[in-house]
Amino acid sequence: MNTRAGFTTRWGFYLAAVGSALGLGNLWRFPYVVGENGGGAFLLMYVVATVLIGLPLLCAELILGKTTRQSAVGALEVLTAQGRSKSSLVWFGKFSIVASVLLLSYYTVVCGWVLHFCMQYFVGVFIDGPVQGADIYLNLMTSGWLQLGLTSVHLILCAAVVAKGVERGLERWVGIIMPIFVIFLLYLIFESTQLSGTTEAIRFLFYPDFSKIDFGSAIKAIGHVLFTLSLGFGAMIVFGSYMKSTMNVPEAAIRVVALDTVISLCVGMLIFPIVFSGGIRPDTGPTILFETIPMLLSKVGLNDLFGLVFFLCAYLAGLGASIGLMEASVSVLVDRKKVARSKSGIIIGLIAFSLCVVPAFSSNLLRSVQFSGMNLLHTFDNVLINWILPVIAIGISLAVGYRVKLKNLRSDFIWDERQTTMRLFGNWVFALRWIVPTLITIALSIEMFGILSRLL
Ligand code: TRP
């Protein structure tokens with residue numbers, strides 16, 4: 001079982017795990033959900049959910065992969081049934097594969113938008129002269145075919161990288177763009193915080209005004225934590241399965257979570273000063289990133305080259321995440337069904353392509369199809385992240401918390417004899433058995449209560 005191709009270095013693991021965690025979740029989704037849910041109070045719930053739910057679950061997924069050396073379905077099978085009858089919890093493994101294909105279907109559409117901004121800024125900088133950000137955005141939203149075309153280009157790129165294999169595909173370039181992007185982001189934050197909306201933005205983000213949240217906010221905070229840490233998709237199980245056996249799981253998990261959270265907060269500090277100084281509504285929804293960045297560039301008089309670099313880095317981050325997402329389902333086909341890697345890449349790519357037609361046309365041809373004010377892309381996002389993912393997360397935490405022979409996992413948690421380290425393991429098990437399922441169940445019930453009370 002241990003013949004599986006592993007990451008050759010610790011770096012390899014970090015690059016892949018961080019590469020999958022950082023993505024449009026931080027750049028595109030974080031500002032949009034924080035904006036929609038009223039800012040500070042939501043952010044507080046998000047941070048609490050990160051520590052109480054995200055961290056224990058990330059450890060659980062990594063450990064599942066690391067000890068079984070299998071991808072999602074196999075890992076749950078090995079650890080839960082321990083060779084005996086199949087556990088129904090294995091279904092959660094299968095569910096997570098469905099989730100990753102579903103996510104791929106609209107995540108790639110958003111990657112297509114980013115790609116379009118990249119190309120427009122490229123043309124602006126090198127050929128055509130100054131870019132009108134608002135026009136790019138409007139043209140894009142009104143043309144479904146353009147979105148479909150961009151999405152196809154993106155999917156083909158992903159499938160090509162995944163078909164080549166994880167080590168060659170992932171390790172190389174994440175490490176190169178990440179530091180560049182972080183420095184660039186810090187510079188843009190510096191520019192953005194010179195705008196007049198900064199004080200209001202800080203108040204919006206960091207003052208927890210609980211009157212602004214509603215029945216759905218708690219589950220949205222939890223859903224976003226799962227999404228941004230790539231939990232519930234089987235992806236982290238796969239990355240865990242490539243981890244070197246000498247690596248310590250909680251330490252790795254804490255680093256990934258900390259980096260992801262800090263980057264999201266930075267993006268918040270970039271976007272919201274622009275929102276408040278430009279008269280954009282904070283609850284604009286999934287397009288907020290695409291409206292604010294061009295506005296920042298034109299307001300502070302930055303060269304379009306900055307737009308090009310920003311969207312290029314964003315695109316690469318989205319590409320890294322899409323590749324990780326595809327990898328999650330491809331590795332199941334490879335491990336379980338013995339389908340060749342290249343063929344699996346093509347199969348998953350085609351399924352995602354057939355599904356992406358719906359979100360690609362959601363802002364134009366299918367614009368009139370709305371569910372409680374959300375178009376189809378928004379609805380896909382809402383259903384997957386605020387309903388399906390939390391249920392998968394409960395399944396995984398119960399599977400690991402109750403069905404796994406935990407003795408075998410202790411050594412992954414205890415790397416020295418200090419009291420805190422020894423206690424960590426017990427706390428983790430408690431979190432998986434009680435905290436994670438209870439909090440998610442409460443949040444789901446509150447949301448359901450909210451929906452019922454609206455209907456009645
Ligand atoms: N976490 C990614 C982001 O923030 C998105 C994502 C969710 C993902 N699940 C994944 C990426 C699985 C790779 C694999 O954008």
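Nothing fancy with the numbering, it's 1 onward along the sequence. These numbers come from the heavy atoms of this one structure, side chains and all, not from hydrogens, waters or symmetry mates. Indexing begins at 1, ligand by ligand and atom by atom, following the structure's order.
Here the two rings, on Tyr187 and Phe306, have centers that are under 6.0 Å apart. For an aromatic pair to be called close, the ring centres must be under 6.0 Å apart, and Phe239 with Phe13 fails this. For an aromatic pair to be called close, the ring centres must be under 6.0 Å apart, and His116 with Phe311 fails this. For Tyr137 and Trp113, the distance between ring centers is not under 6.0 angstrom.
In this structure, the protein non-hydrogen atom closest to atom 15 (O) of ligand 1 is Tyr107 OH, 2.5 Å. Of the protein's heavy atoms, Ala321 O, 3.1 Å lies nearest to atom 13 (C) of ligand 1. Among protein heavy atoms, the minimum distance from atom 12 (C) of ligand 1 is reached at Leu325 CD1, 3.1 Å. Of all protein heavy atoms, the one closest to atom 8 (C) of ligand 1 is Ser230 OG, 3.3 Å.
Of all atoms in ligand 1, numbered sequentially from 1 with element shown, those under 4.0 Å from a heavy atom of Thr228 are 1 (N), 4 (O). Within the listing of ligand 1, atoms 1 (N), 2 (C), 5 (C), 6 (C), 7 (C) sit less than 4.0 angstrom from a heavy atom of Phe227. Each of the following atoms of ligand 1 lies closer than 4.0 Å to a heavy atom of Phe233: 7 (C), 9 (N). Listed by atom number, the atoms of ligand 1 under 4.0 Å from Leu103 heavy atoms are 7 (C), 9 (N). Contact atoms of ligand 1 toward Ala235: 12 (C), 14 (C) (distance under 4.0 Å to a heavy atom of the residue). When each atom of ligand 1 is checked for a heavy atom of Gly23 under 4.0 Å away, the hits are 3 (C), 4 (O), 15 (O).
Just one of Ile347, Val101, Ile351 meets the side-chain contact (heavy atoms from CB on, under 4.5 Å) condition when paired with Ser329; it is Val101. In summary, of the residues considered (Asp283, Thr284, Asp381, Thr287), a side chain to side chain donor-acceptor pair (under 3.5 Å) with Tyr32 occurs for Asp381 alone.
Ligand 1 has a nitrogen or oxygen under 3.5 angstrom from a nitrogen or oxygen of Gly25. Considering backbone and side-chain atoms alike, Leu24 places an N or O below 3.5 Å from some N or O of ligand 1. By the 3.5 Å distance cut-off applied to N or O atoms, Ala21 is counted among the residues near ligand 1.
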Please assess Phe361 against Trp145 for the test ring-ring contact (aromatic ring centres under 6.0 Å, His included), listing each intermediate value before the final yes or no.
-> CA-CA 8 Å; Phe361 283 96; Trp145 290 107; 5.1 Å; yes

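Using a 4.0 Å cut-off between heavy atoms, Leu231 makes no contact with ligand 1 at all.
Looking at Leu43 and Leu265, their side chains come closer than 4.5 Å, going by heavy atoms from C-beta outward. Side-chain contact between Val391 and Ile440: absent, with no pair of heavy atoms (C-beta onward) separated by less than 4.5 Å.
Heavy atoms of Trp28 stay at 4.0 angstrom or farther from ligand 1.
There is a side-chain donor-acceptor pair under 3.5 Å between Asn37 and Ser217.
If you check each of Ser322, Ala99, Ser264, Ser20 against atom 11 (C) of ligand 1, the one with the closest non-hydrogen atom is Ser20.
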